[in-house]
Amino acid sequence: MSFLRLKTTECKVGVVGLYNSGKTVLLSSLINHLQDHDPDRFPLGSKDTRVRKFCVLPPDPGWAAFNYTGHRDALVNAGKWPSKTTDRSQFACRFERSDWTFSDTLLKLYDLPGERIADAGMVGRDFTAWSEKVLALFVNDTGYRTCTTPFLDAIKRPGATAADLLHTYKLSLANLILNFKPLVSPSTFLLDVHGSAARPDTPEVLAATRFSGADAENQFCPLPADLRMPGTELFDSFAFRYDRYVERVVEPTVVAFRSCTALVVLVDVTMLLAGGVGMYDDTRQIVRDLFDVLSPGENAVFGPVLRGLSKVLLPHQWRPGWITRVAFAAPKMDLVHPADRDRMLMLLRRMAERYAADRDGLKYDFFNLSSVVSTRAMPLEAGGRVLVGTPLRGADGRKIAPGAEQRFTVSELPDDWPMAWAPGAYSFPEVYPRMPARKDYPPDQVNVDRLATFVIE
Ligand SMILES: Nc1nc2c(ncn2[C@@H]2O[C@H](COP(=O)(O)OP(=O)(O)OP(=O)(O)O)[C@@H](O)[C@H]2O)c(=O)[nH]1
Ligand SMILES: [Mg+2]
């Protein structure tokens with residue numbers, strides 16, 4: 001810290017969103033732009049602001065370091081997107097900005113595997129309350145009822161054993177995955193505690209090889225009222241395993257985000273359109289659960305004035321943290337034709353605004369962004385909505401090696417969310433990243449600078 005900079009402003013920014021929604025790519029692009037700052041390519045606050053003396057700090061105790069170097073290396077040297085996140089991580093850095101005369105910035109960024117946010121509904125609920133929540137969803141929603149029939153049938157059968165219940169619950173979770181429904185909880189079924197992700201397979205194979213809990217010995221599933229009898233082996237063991245799971249898996253990942261000062265909620269509009277109406281409904285449910293758990297908004301005890309003071313005057317570990325800003329962001333804007341990019345923002349707003357608007361004292365905004373611009377667009381007259389990029393998948397949906405750039409067509413975005421749409425009704429093919437090879441030259445981005453200006457305050 002220089003002589004004049006007497007204070008440090010601490011910003012803790014958590015990024016949440018479903019798996020594959022672009023959290024890690026966004027953080028990698030943001031860090032790259034702060035580290036190798038060019039005010040013309042990344043205006044922070046104003047176009048004259050300069051970032052100086054950027055230095056990386058070790059993460060807080062108990063946090064794994066966000067693998068920025070590895071992610072950037074994958075992008076630049078291997079021409080690949082970063083690999084899937086398997087554990088929560090933190091990136092900490094300190095820098096000065098020329099528009100903040102008396103204060104330097106301590107920025108902490110948080111990443112997590114997207115699968116874990118489906119467990120947000122467990123926080124603050126005991127096993128009974130969670131069972132009721134899950135069963136109500138399975139029984140009352142047609143899409144869920146269809147996928148979870150094996151389990152709903154098993155809980156009605158007299159004398160069903162723990163093994164029957166677990167097996168049919170896992171078959172049901174596998175059906176949910178195969179029907180593009182992201183509310184898969186316990187999320188370890190999709191991504192286990194060692195970071196190993198479920199591979200596409202039949203429900204039977206998935207049920208036989210994955211766990212509904214932390215590991216083979218600690219599995220549980222929801223139980224209906226007539227099986228929830230304290231003192232029985234079934235109820236007591238499931239309730240115990242559930243509590244341990246919440247403590248060991250859910251709280252460290254999801255609840256840790258409560259102490260952030262700002263939250264970025266990524267809603268991948270392209271994935272929701274491609275995934276069908278069920279994916280949309282579930283994502284809304286997950287955002288609602290997350291908001292209940294993280295309760296963003298002004299803290300009633302401290303209020304805005306004291307919060308402002310405590311942020312710079314109290315020692316770091318004493319500073320009360322709570323989320324006062326939420327940025328909703330629709331990533332991968334470069335997979336949508338420029339003619340539709342305003343619609344992308346509108347769809348995001350229509351989906352998410354009410355959750356934020358219901359919170360007192362919360363500042364929120366909406367962004368459509370590209371963390372790493374990887375396509376270019378053909379003019380609209382050229383026949384449909386045509387983009388140019390390097391395709392990541394072949395016609396059969398399998399990953400292919402990077403080849404030459406190609407033209408491909410993307411769907412037109414609707415003006416508003418349709419009443420219903422099937423999986424596959426919209427398509428936005430994935431592409432390989434386009435990164436400048438020069439190490440200190442960050443990727444082309446759109447609106448990541450505006451998002452950063454909003455959350456780093
Ligand atoms: N074209 C384009 N694709 C992107 C962009 N950002 C992310 N993607 C695509 O989205 C995929 C997932 O991005 P990640 O950042 O790894 O997603 P995540 O949210 O961290 O996913 P988890 O680690 O599974 O929770 C990438 O592999 C890319 O295919 C972008 O700015 N442009
Ligand atoms: Mg990730």
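Only a predicted model underlies this, so the values are computations on that prediction, with no experimental measurement involved. Note that ligands are numbered from 1 as they come in the structure, with each ligand's atoms numbered from 1 the same way.
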Distance from [atom] to nearest protein heavy atom, with residue and atom:
| atom | result |
| --- | --- |
| atom 22 (P) of ligand 1 | Lys84 NZ, 3.4 Å |
| atom 12 (C) of ligand 1 | Asn20 OD1, 3.1 Å |
| atom 32 (N) of ligand 1 | Asp334 OD1, 2.9 Å |
| atom 9 (C) of ligand 1 | Lys332 CE, 3.6 Å |
| atom 13 (O) of ligand 1 | Gly22 CA, 3.5 Å |

Could you check if a side-chain atom of [X] sits within less than 4.5 angstrom of a side-chain atom of [Y], using non-hydrogen atoms only?
| X | Y | result |
| --- | --- | --- |
| Tyr355 | Val326 | no |
| Tyr426 | Thr270 | no |
| Leu335 | Val431 | yes |

Below 4.0 Å from ligand 1: does a non-hydrogen atom of [X] turn up there or not?
| X | value |
| --- | --- |
| Pro113 | yes |
| Val373 | no |
| Ser21 | yes |

How does Thr24 reach ligand 1, if at all, at less than 4.0 Å between non-hydrogen atoms: by side chain, backbone, both, or neither?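 For Thr24, backbone and side-chain atoms both sit under 4.0 Å from ligand 1.
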Check each heavy atom of Thr375 against ligand 1 and say whether those closer than 4.0 Å belong to the side chain, the backbone, both or neither.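 For Thr375, no heavy atom sits under 4.0 Å from ligand 1.
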Lys/Arg N to Asp/Glu carboxylate O, [X] vs [Y], below 4.0 Å:
| X | Y | answer |
| --- | --- | --- |
| Arg343 | Glu412 | yes |
| Asp111 | Lys23 | no |
| Lys170 | Glu204 | no |

Does NZ or CZ of [X] fall inside the cone over [Y]'s six-membered ring, less than 6.0 Å from its centre and within 45° of the axis?
| X | Y | value |
| --- | --- | --- |
| Arg145 | Phe138 | no |
| Arg41 | Tyr441 | yes |
| Arg350 | Trp417 | no |

Contact (N/O only, under 3.5 Å) between [X] and ligand 1:
| X | value |
| --- | --- |
| Ser370 | no |
| Tyr19 | no |
| Val431 | no |

Quick one: CZ on Arg210 to CG on Asp201, what's the gap to the nearest 0.5 Å?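 Reported value, rounded in 0.5 Å steps: 11.0 Å.
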More than 12 foreign heavy atoms under 6.0 Å from CE of Met351: is that the case here?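 Enclosed: over 12 neighbouring heavy atoms sit under 6.0 Å from CE of Met351.
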Check for me: within less than 2.8 Å of the Mg ion (ligand 2), which protein N/O/S atoms show up?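 Listed by chain and number, the nearby protein N, O or S atoms are Thr24 OG1, Thr85 OG1.
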